**Student:** 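My questions all concern the structure below.
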2 protein chains.
Amino acid sequence: MVVKEYVTYNQVHKLCQEAAPRILEDFKPQLMIAIGGGGYVPARILRSFLKQPGSPNIPIQAIGLSLYEELPSTHPSGRNTPGEAEQPGTKVTRTQWLDLTSLGEMENLVGKRILIVDEVDDTRTTLEYAVKELEKDVELARQKLGGKGEKTVFSVFVLHNKNKEKKGQLPEHMLNENRYLAARTTGDVWICYPWEATDIDEHDEMAKKQPAN
Amino acid sequence: MVVKEYVTYNQVHKLCQEAAPRILEDFKPQLMIAIGGGGYVPARILRSFLKQPGSPNIPIQAIGLSLYEELPSTHPSGRNTPGEAEQPGTKVTRTQWLDLTSLGEMENLVGKRILIVDEVDDTRTTLEYAVKELEKDVELARQKLGGKGEKTVFSVFVLHNKNKEKKGQLPEHMLNENRYLAARTTGDVWICYPWEATDIDEHDEMAKKQPAN
């Protein structure tokens, strides 16, 4: 039996709020990269809590990644849609990537502190893809600058990390340097986010009936 | 005195739910363009309600637009950040635009039905910019195809439209063809969205105390 864990909007809001001081202190991000669609909501909420008086908002760039099932069919699995279990796939495709024009070319990422935001770290496949590809792009940009420029430092924030065997890996240095933050660690449960709920009142009721977490 | 209107997450969720049938029936979008950061949350919720059984999710592309104050200083106004009144500016700058690589070049937008999503239609400056620029980009792409290809049809969805004098204009044909949908029309109030709340419980309390809307 798949155990479902219901998370309300206000809980998501508070998870971001709770994580913000740690993010500000340790990661000091200058840019957020939201992995869509699940990263959109936490990234937007985080932006409010990361805002410093007198400073502009930390800009958000959204990227879109989709996991595809490899077998038996190869149609989009649809991450976390209502009524469908999340299907961990192994192939990641981009539906949106960074907009280099508005960023003033990739060079502007060189030497920056960047926070990657997603809802859930399930098989880690998507996160591995995002971190690897972003590190690759930034390294290329740094080399184009003649190898000058500081190292770009990526951190990761997710609402939930599922404590399970991962198919994807994050870079050793990211883990060693404590640049991975999950607001909550859960078992291998089915996390029901509010933005997937068909009936949000019923969703909240289900959340209320759960043991506190 | 500025009248504040508090909107809870669950109310936002229900506004999207309520709008979805109309959007599916009349706009039939094949792509959503979320104007960040405010459009992120409604776009992600809408995606759930627009999902058709057996079909993949409607993809979302995020764009980022910032309103800048023209005078006296020109630093980013920060749209709807906590504790700051929204400052209607007149200059819009892009912080992210469409990712043409993942979209398979702009040509893929030609002939499509596209839904632009934002949280609030205040002065209409941002929306005017988004619609005009997107229409321009798509028309250029259509001409590159030798003028062939169907017309791209843009629709707009916002959670709230403020009933006030607008600085920006939407195209006549969009309004004439009823391709603008605001879930609610309000007076010229200060709409407090939940993702801007520092204390979400207090925010919900304030919302509860308001006359029903």
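Everything numeric in this text was worked out from a predicted model, so none of it was measured. Side chains are part of it too, since the values below use all heavy atoms of this structure and drop only hydrogens, waters and symmetry mates. In what follows, every chain begins at residue 1, and chains take the letters A, B, ... in the order their sequences are listed.
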**Student:** Give me the atom names and distance for the closest heavy-atom approach of A:Tyr40 to B:Ala62.
**Tutor:** OH-CB, 4.1 Å
**Student:** Side chain to side chain contact (heavy atoms under 4.5 Å, CB included) with B:Tyr9: which of A:Val12, A:Ile45, A:Asp204?
**Tutor:** A:Ile45
**Student:** Search all heavy atoms of A:Gln96 against all heavy atoms of B:Gln96 and return the closest pair with its distance.
**Tutor:**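 Nearest heavy atoms, A:Gln96 then B:Gln96: NE2-NE2, 3.5 Å.
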**Student:** Should we count NZ of A:Lys166 as having more than 12 external heavy atoms under 6.0 Å?
**Tutor:** yes
**Student:** I need the minimum non-hydrogen distance between B:His13 and A:Trp195, along with the two atoms involved.
**Tutor:** CE1-CA, 4.1 Å
**Student:** So which atom in B:Gly38 and which in A:Arg44 form the shortest heavy-atom distance, rounded to 0.1 Å?
**Tutor:** N-NE, 4.2 Å
**Student:** Which atom names give the shortest non-hydrogen contact between A:Lys14 and B:Ile200, and what distance separates them?
**Tutor:**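 The answer is CE-CG2, 3.6 Å.
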**Student:** Relative to chain B, which of A:Ile60, A:Asn10, A:Asp201 shows the most heavy atom pairs under 4.5 Å?
**Tutor:** A:Asn10
